[in-house]
Amino acid sequence: MEKIEHIGIAVNSIQSAGNIYEKLLNTTIYKTEEVASENVLTAFLQCGPNKIELLEATSEGSPIARFIAKKGEGIHHIAFEVTDIRAEMQRLKNEGFILLNDEPKRGADNKLVCFVHPKGTNGVLVELCEELSNATGFSL
Ligand code: ZN
């Protein structure tokens, strides 16, 4: 793992949460993007070398809608940058971690991503992400 790439925060509304986080970080959202496969709308803010990702559900079946129904708004996941997501997924599998997907998926912000089940990480949903421009052997 290279560094914390971003922290994902589940919110009811990107419009209102975006205002708050723009004020908090004294910056502006540099990108919003819908991830249709996950039924989420995302917005990113840069904070030094790290990012904050705001996540809003776009449907009731969205994992973000289920998360908020259960726990309310708040920190949803921590994402770590990796240089070779497949190698890192294999390493974690060998260590006994439960991965939520067998193959890397296309995530927001030009990333290949994989999630690690929070059961094995003390309640924290962990995301691995690899910059898509670095990824090899992946075709959409
Ligand atoms: Zn994320």
Side-chain angles (χ1 to χ4, degrees):
M1 309 253 188
E2 303 298 317
K3 63 166 188 175
I4 292 177
E5 214 278 337
H6 64 267
I7 294 175
I9 300 175
V11 302
N12 286 320
S13 155
I14 276 185
Q15 202 176 4
S16 72
N19 279 330
I20 292 166
Y21 277 82
E22 284 182 337
K23 278 184 214 159
L24 178 75
L25 302 172
N26 198 21
T27 187
T28 52
I29 288 171
Y30 68 87
K31 179 192 233 179
T32 57
E33 186 181 347
E34 188 172 350
V35 183
S37 59
E38 299 284 321
N39 297 304
V40 294
L41 182 65
T42 65
F44 288 88
L45 302 102
Q46 190 78 39
C47 179
N50 309 111
K51 295 166 191 162
I52 297 292
E53 175 185 34
L54 303 176
L55 301 140
E56 176 189 325
T58 55
S59 82
E60 276 177 28
S62 165
I64 295 302
R66 292 201 302 269
F67 177 88
I68 289 178
K70 227 164 131 183
K71 299 186 172 178
E73 291 182 294
I75 293 180
H76 177 261
H77 65 270
I78 298 179
F80 293 93
E81 185 177 296
V82 299
T83 47
D84 182 343
I85 195 166
R86 287 169 198 278
E88 201 61 25
M89 285 167 70
Q90 192 56 54
R91 185 183 73 80
L92 294 179
K93 235 187 248 180
N94 294 345
E95 294 283 2
F97 291 96
I98 307 155
L99 305 181
L100 292 184
N101 40 303
D102 291 329
E103 283 292 311
K105 289 198 292 190
R106 179 75 189 262
D109 204 26
N110 203 35
K111 299 277 195 297
L112 282 180
V113 305
C114 174
F115 286 92
V116 182
H117 201 293
K119 245 185 211 168
T121 50
N122 305 77
V124 177
L125 179 62
V126 169
E127 177 184 1
L128 309 176
C129 58
E130 176 183 343
E131 199 61 49
L132 201 53
S133 51
N134 300 333
T136 52
F138 186 83
S139 56
L140 295 170

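Whatever order the structure lists them in is the order used to number ligands and atoms, beginning at 1. Basis for what follows: all heavy atoms, side chains included, without hydrogens, waters or symmetry-related copies.
Sorted by first and then second residue, the pairs that involve residues 110-120 and meet salt bridge (Lys or Arg N to Asp or Glu O under 4.0 Å), not counting sequence neighbours, are E5-K111, D109-K111, K111-E131.
Other residues sharing a hydrophobic cluster with Y30 under the 4.5 Å side-chain heavy-atom criterion for ILVMFWY residues are F44.
Using modelled atom types, one side-chain atom of E73 and one backbone atom of N12 make a donor-acceptor pair closer than 3.5 Å.
In this structure E81 satisfies the salt bridge (Lys or Arg N to Asp or Glu O under 4.0 Å) test with no other residue, sequence neighbours excluded.
Looking at H77 and E53, their side chains do bring a donor and an acceptor atom within 3.5 Å of each other. If you check the side chains of N94 and Q90, you find a donor sitting under 3.5 Å from an acceptor.
Around the Zn ion (ligand 1), the protein atoms of type N, O or S found under 2.8 Å away are H6 NE2, E53 OE1, H77 NE2, E127 OE1, listed by chain and number.
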